[in-house]
Participant: 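Please see the structure below; I have some questions.
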Amino acid sequence: MLCPLSELPAGAKGKIIKIDLPDRFSERLYGLGFVPGEQVEVVRKAPLGDPTVYRIKGTEITLRDSQASEIYVKSDITNLSVAHRGEYIVDSLSGGYRFRENVNRMGIRPGSRIRVLLSHVNKKFIETNKGKFWLPFGKSKKIFVRESSYERKK
Amino acid sequence: MKEKNKKKAEQSETKIDVGTIALLGNPNVGKTSVFNLLTGMKQYVANWPGVTVEKRVGKMEKENMAFKVVDLPGTYTLGANSLDEKITRDYLIEEAPEIVVVIADAVNLERSLYLLFQVLEMRGDVILAINSIDEAKKENIFIDPEELQQHLGIPVFLMSAYTGEGVEDFIKGIFKYNIGSSHVHHMFSKELENKITELSSIFRNKEELKDYDSRWLSIKVLEGDEDICKLTGINLKRNFSSEISQLRYEHIKYILKESYKKPGKEKWGMNMATDHVFTHKYLGLAIFFSFMYLVFEITFTFGEPFALMIEEGLGAFGTFIDGLINIEWLANVLSEGIVGGVGAVLVFVPNIFILFLIMGILEESGYLPRAAFVVDKAMYTLKLSGRSFMSLLLGFGCNVTSIMSTRSISEPQERIVTAIVSPFISCSARLPVYIMIAGVFFGARAGIVIFSIYLFSIFITAVSSIFINKLLFKGKPAPMIMELPRYRTPKISSLIQYTWNRGKHFLKKAGSIILIASIVIWFLSYFPVPGNIAESFAAKIGHFLEPIFAPIGFTWEMVTSLIFGVAAKEVIVSTLSTLTLSAQTGVSAAAELMKSGLTQFGALAFLMFVLLYVPCLPTLIVLKNETGKWRYLLLSIVYSFSLAYVVALIISLAGRLFV
């Protein structure tokens, strides 16, 4: 599914579909290898959360979320906050211990199946094996999912 | 001696000037090392026309031929979106160098070739030098230069500036090269190629465009390049830049299919492991601050024994001269004015060279971009980026170089803010003042006091950048598109070159501004009543201005030294030495100040004042040049002076409360 590059978790890979930045930035990105069709990997986030290192064509490039959010990629993994209605498998959780405890109680843990029933800009209505819940934006942003039709290639 | 004779012999022969070679390449491909290799010590630094970006020019000689070699700024594209790109492009068009050498990275050939093709779209006579093949071999990368040469139609050389492998063949190749070839690569889709042909035929007939390659103009118009659209007067509705760059990469992939093989999976190598630690969530920041602390601790402690040696040597030299000459004023100007004044600054040469050596290690090893990455978020809240952080970091060496390096920041707004706040970064010229005062007043705790001054300097820079941004602009902060290069073990020879090129600047200042300032200060402090400093002109100036600084509690000697310090901050040390007669009594000026009743708080207030007040003359000149406006200069002077005054006042008031 199409999602902004900034929404991918560390370790995820995606294929660039389009770049929506003004010319003066996009030209620079082309020179660095960010062109449609190219595969990009999220290497790691900076200690303070932003910017992020991406690996493209074998080199590591840092981009801020404000730029990476304008680069759209196709990836099997995405952030729940940008997921449309449909069935997903939870891939990973990025929050701390308490956050994980909290969502585990709703039946959200790596590997579990969830279904997005309603998708609003600031919240999601989801169904898990423990019931139906409203998830605010802040929480859904820390949950990474992949479409259930994709199977992990490992 | 033999070498000297050789050099003389070389100079006496007349070399035939066979033209200019321009070196071009992505940042971090080792372009500077290649430049050093080709030109040796025969190089000098100039400025690009109209701007103050460093232009390095050198000479490359063989038998009776000589090439001029120009090192162009590192770029990824030949667009005109950043100043570096613009300089490079304008140079290639206007100066039309005979040969362009594109330096590529053997480990990452694909991206280097992207730049190469942009050059080939523009002109012929291009040579490809693939650098770092030692590293490529380690990673089992296979490169077939003959195959590449056939596809590209230009000479290809494999080499390593690090180990010296292949360098000789490369140099031979340059001298053997026959000028006058061009290779057009038709790599675009039919639709695009048709458009290019169509546009080219229009451009070819235009008289005012005859200096340009018409195919190149067409491609640039299709890419929507602002400058070229303006030049040709053609603005297309659709922008093909994404498509064009995609096709360039496809063509590169096709060429590399046979000639370049890279093992598929990347291993968990040393590079990744190091990065995992240096940019780690918690460790990353801890390492960053420890490094910064170590830099200054080492600079201070390792330099001390050498400084003492120089100090004693100069003291003996001064007494020697004093005894040698009978004319009293002449002996005085030599021993106290010149040896005392310049010597007081020379004492800090070891500290400064050690500082530059460490900075060189951090830069050459590839740590600096990581540091920028780690702290970028914090810089973002200051409306700056990790990129301006790198410029500011250079300010610890010298504010002039720091402001000059802001040129490669692509956002004008960020560039101006960085240039205005960068003088608050404590430069190496201020270090002598700290060392002299802190050494006497804070004894064993001098290291920690100086470290806190540096922290305070960072704090003030941060606060000021928010303030200046609010005052002048209300825009968004700049982007952060930066490459993290591979880690490298710094090469001793390039470290020496790095340290020497920057340290030399300090020595030059000691020989010029500081020498003149020393004589002027000596004159002002020796006359009108010879030898009586309390009656001197300097004393009169100091006394006249003392009331302004009375609330802070600065003595007239300190006030006078601050005035002279605007010429160059190191001059404060020599002025204080002259004014307090410390050269005669043999103790440091700081000890004299302590005797005259300056407290620890007073000393700290003085140190803070020195840190913050008006930037030195060279910095002010560069600031004006770089920002282009007098009002920015005025803002810098007024703002820094008031800030210094307020901070020093608060400290001395606090001192009066506690004592």
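Since this is a predicted model, take the numbers as computed values, not measurements.
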Participant: Of all heavy-atom pairs between B/Tyr380 and A/Ser66, which one has the smallest distance, and what is that distance?
Facilitator: OH-OG, 4.1 Å
Participant: Looking at CG of A/Asp20 and OG of B/Ser242, how far apart are the two atoms once the value is rounded to the nearest 0.5 Å?
Facilitator: 10.5 Å
Participant: Counting only heavy atoms not in B/Lys261 (residues, nucleotides, ligands), do more than 12 fall under 6.0 Å from its NZ?
Facilitator: yes
Participant: Throw together a table of side-chain donor-acceptor distances under 3.5 angstrom for residues 367-375 of chain B, partners on residues two or more places apart or in other chains.
Facilitator:
unit_1	atom_1	unit_2	atom_2	d
B/Arg370	NE	B/Asp275	OD1	2.9
B/Arg370	NE	B/Tyr487	OH	3.3
B/Arg370	NH1	B/Gly366	O	3.0
B/Arg370	NH1	B/Pro485	O	2.6
B/Arg370	NH2	B/Asp275	OD2	3.2
B/Arg370	NH2	B/Pro485	O	2.7

Participant: Just wondering, more than 12 heavy atoms not from A/Gln39 lying within 6.0 Å of its CD?
Facilitator: yes
Participant: Distance from B/Gln118 atom CD to A/Tyr30 atom OH, nearest 0.5 Å?
Facilitator: 12.5 Å
Participant: If you count the non-hydrogen atoms of other residues, nucleotides and ligands that lie under 6.0 Å from CZ in B/Phe142, is the total more than 12?
Facilitator: yes
Participant: Any side-chain heavy atom of B/Phe288 sitting closer than 4.5 Å to one from A/Pro47?
Facilitator: no
Participant: Between A/Lys45 and chain B, which part of the residue has a heavy atom less than 4.5 Å away: side chain, backbone, both or neither?
Facilitator: backbone
Participant: Heavy-atom distances under 4.5 Å only: say whether B/Glu483 touches chain A with side chain, backbone, both or neither.
Facilitator: both
Participant: For A/Leu32 and B/Ile481, what are the C-alpha separation, side-chain angles and deciding distance, and is it a side chain to side chain contact (heavy atoms under 4.5 Å, CB included)?
Facilitator: CA-CA 9 Å; A/Leu32 287 163; B/Ile481 304 175; 3.2 Å; yes
Participant: Which residues pass the side-chain hydrogen bond (donor to acceptor under 3.5 Å, both in side chains) test with B/Ser132, sequence neighbours left out?
Facilitator: none
Participant: Can you tell me how far CE of B/Met379 sits from CG of A/Leu48, rounded to the nearest 0.5 angstrom?
Facilitator: 12.0 Å
Participant: Is B/Glu85 in contact with chain A via its backbone, its side chain, both, or neither, using a 4.5 Å heavy-atom distance?
Facilitator: side chain
Participant: Which bit of A/Ile19 comes within less than 4.5 Å of chain B, counting heavy atoms only: side chain, backbone, both or neither?
Facilitator: neither
Participant: Does any backbone or side-chain atom of A/Val53 lie under 4.5 Å from a heavy atom of chain B? Answer side chain, backbone, both or neither.
Facilitator: both
Participant: Just wondering, are more than 12 heavy atoms of other shown residues or ligands nearer than 6.0 Å to NZ in A/Lys15?
Facilitator: no
Participant: Can you see which heavy atom on B/Met272 is nearest to which on A/Arg44, and at what distance?
Facilitator: O-NH2, 4.1 Å
Participant: Could you tell me which non-hydrogen atom of B/Lys253 sits nearest to which non-hydrogen atom of A/Glu38, and how far apart they are?
Facilitator: NZ-OE1, 3.3 Å
Participant: Tell me, for B/Ser245 versus chain A, whether the close heavy atoms (under 4.5 Å) come from the side chain, the backbone, both or neither.
Facilitator: both
Participant: Would you give the length of the straight line joining atom CD of A/Glu60 to atom CZ of B/Arg486, rounded to the nearest 0.5 angstrom?
Facilitator: 11.0 Å
Participant: What part of A/Ser26 is in contact with chain B, defined as an atom under 4.5 angstrom from a non-hydrogen atom: side chain, backbone, both or neither?
Facilitator: neither
Participant: Name the option with the most non-hydrogen atom pairs under 4.5 Å to chain A; the candidates are B/Arg111, B/Lys281, B/Glu250.
Facilitator: B/Arg111
Participant: Who wins among B/Ser241, B/Gly224, B/Gly79 for the most heavy-atom pairs under 4.5 Å with chain A?
Facilitator: B/Ser241
Participant: Among A/Asp50, A/Leu63, A/Ile61, A/Thr62, single out the residue with the greatest number of heavy-atom pairs under 4.5 Å to chain B.
Facilitator: A/Thr62
Participant: B/Tyr76 side chain to A/Glu27 main-chain N or O, any donor-acceptor pair under 3.5 Å?
Facilitator: no
Participant: Here's one to test your reading of the geometry: is the NZ or CZ of A/Lys57 within 45 degrees of the ring axis of B/Tyr114 and under 6.0 Å from its centre?
Facilitator: no
Participant: Which pair of non-hydrogen atoms, one from B/Asp376 and one from A/Pro51, has the smallest distance, and what is that distance?
Facilitator: OD2-CD, 3.3 Å
